[in-house]
Amino acid sequence: MTTPHAPRREIGSAVARRIALGAQGFADRQPTGDVTRRHLRRVVDRLGVIQMDSVNVAVRAHYMPLFSRLGPYTTSVLDDAAWRSTAWQPRLLTEYWAHEAALIDVDDWPLFGWRMADYRFGRYSRATSESPSQTRLRAEILAAVTDLGPSTGGMLEDALGRRREGPRRGTWWDRSEVKHTCEVMLAAGELAAVRDSTFARHYDLAERVVGEERVGRQIPRDEAVDALMRRAAGALGVAAELDLRDYYRLPVVDARESLARLVEAGDLVPVTVRGWDATAYLDPTARVPRRVTASALLAPFDPLVFFRPRLARLFGMDYRIEIYVPEPKRVYGYYVFPYLWDETVGARVDLKHDRAEGLLRVQSAHAEDDVDRGALAASLADDLQTMAGWLGAEDVVVSDRGDLAAELTHALR
């Protein structure tokens, strides 16, 4: 006789939002004193990944998730944890291709060994070998880094006598052979990276950055993917398969096989979320806050919003970053921050830190539908002033663009 399956648990969309916000740390108490390495540790444990980006129009993306969850802090707390290591304060974070370029817990480095093997000849290459000249260049770079220590691509070009002459079109699309090979070696785990105060990447031997024990630790692919899926589930609380897969950009087959194993083991529980068009998977250890009263400006690459289909599913926000959209065609602006307001995303603001004038400029402000615009503007004004103070800006200036601009200007006055 066959025993029927128990009916799948169903949860409402509002509960799913609270679970997600709790998992991301927005139901935690903010520090009452200075933010310390201990607070950073708490956020890293929750998020698992802090995405990086070179755009600095407001503030570099990796600084914002901590500000959004902890409030104003001294950014050297993060810099020291990621870029500097001492005997009494060892490295906490390191850079790797986790979501995109991201900071991860240094202890998670071995979990990406399978990816480093996949990227042996580059992130975008399906090659299974390389030319003899490329192998020689890798060996030359490795020897130079061994002797020089942390080095930029330009420093290595000079050391190897491979500095390229003539005009260049730009640093991104016009990389030299040396710089390209350094990127390949970083993706392959032969090199690791640290950054200086200008955000320039310096390459060093992986074992000197993350430690010989971590570099030498081999974790089977399926075990590593399972661990990353569990981390994604913990960071998301409740999630569709696509959400779990995207968090660490896991291959489809690996993620689906892992999902089946984790469900079978009870590490993930399939549930139905009302209004979602896909099966959801609940972390059985996830907290379900009774309510969430946080407010926070979110960088476009914050883990709460960086997967746009999940943002739409959770909060009903259709959002995309418009950096690459020609200015006349932009709807909301160049570098737009979604604004978390209690249990919804209530607004979006295009922000620029005008360092020369000492201003935080709100270049546009738009409210989402069905919000109390006066209360929203008052809350947003407070958070913008806090952010301005954190950045060292003396004032917040609002342009007249956007349907929330007038209310926001009034609230700031």
Modelled atom types, side-chain donor and acceptor of Asn56 and Tyr335, under 3.5 Å
no

Considering only NZ, NE, NH1 and NH2 on the basic side and carboxylate oxygens on the acidic side, decide whether Arg41 and Asp105 come within less than 4.0 Å.
yes

Side chains of Thr279 and Glu241: is there a donor and an acceptor less than 3.5 Å apart?
no

Do the side-chain N and O atoms of Thr74 and Ser76 include a donor-acceptor pair separated by under 3.5 angstrom?
no

For Arg310 against Trp276, the heavy-atom pair lying closest together
NH1-CH2, 4.2 Å

For Gln363 and Tyr332, test the side chains for any donor-to-acceptor distance below 3.5 angstrom and give the result as yes or no.
no

After noting the C-alpha distance and the side-chain angles of Tyr281 and Asp267, does the key distance pass the side-chain hydrogen bond (donor to acceptor under 3.5 Å, both in side chains) rule?
CA-CA 10 Å; Tyr281 297 89; Asp267 293 337; over 6 Å; no

Whether the Thr344 and Glu368 side chains hold a donor-acceptor pair (N or O, under 3.5 Å, no angle test) is what I'd like checked.
no

Is there side-chain contact between His202 and Asp204, with heavy atoms separated by less than 4.5 Å?
no

Face-on cation placement of Arg115 at Trp97 ring, 6.0 Å and 45° thresholds
no

When every non-hydrogen atom of Leu191 is compared with those of Cys182, the smallest separation belongs to CD1-O, 4.2 Å

With a 6.0 Å cut-off on the ring centroids, do Trp390 and Phe67 count as close?
yes

Taking the six-membered ring for Trp and the single ring otherwise, decide whether the centroids of Phe199 and His62 are under 6.0 Å apart.
yes

Side chain Asp400, main chain Ala405, donor-acceptor under 3.5 Å
no

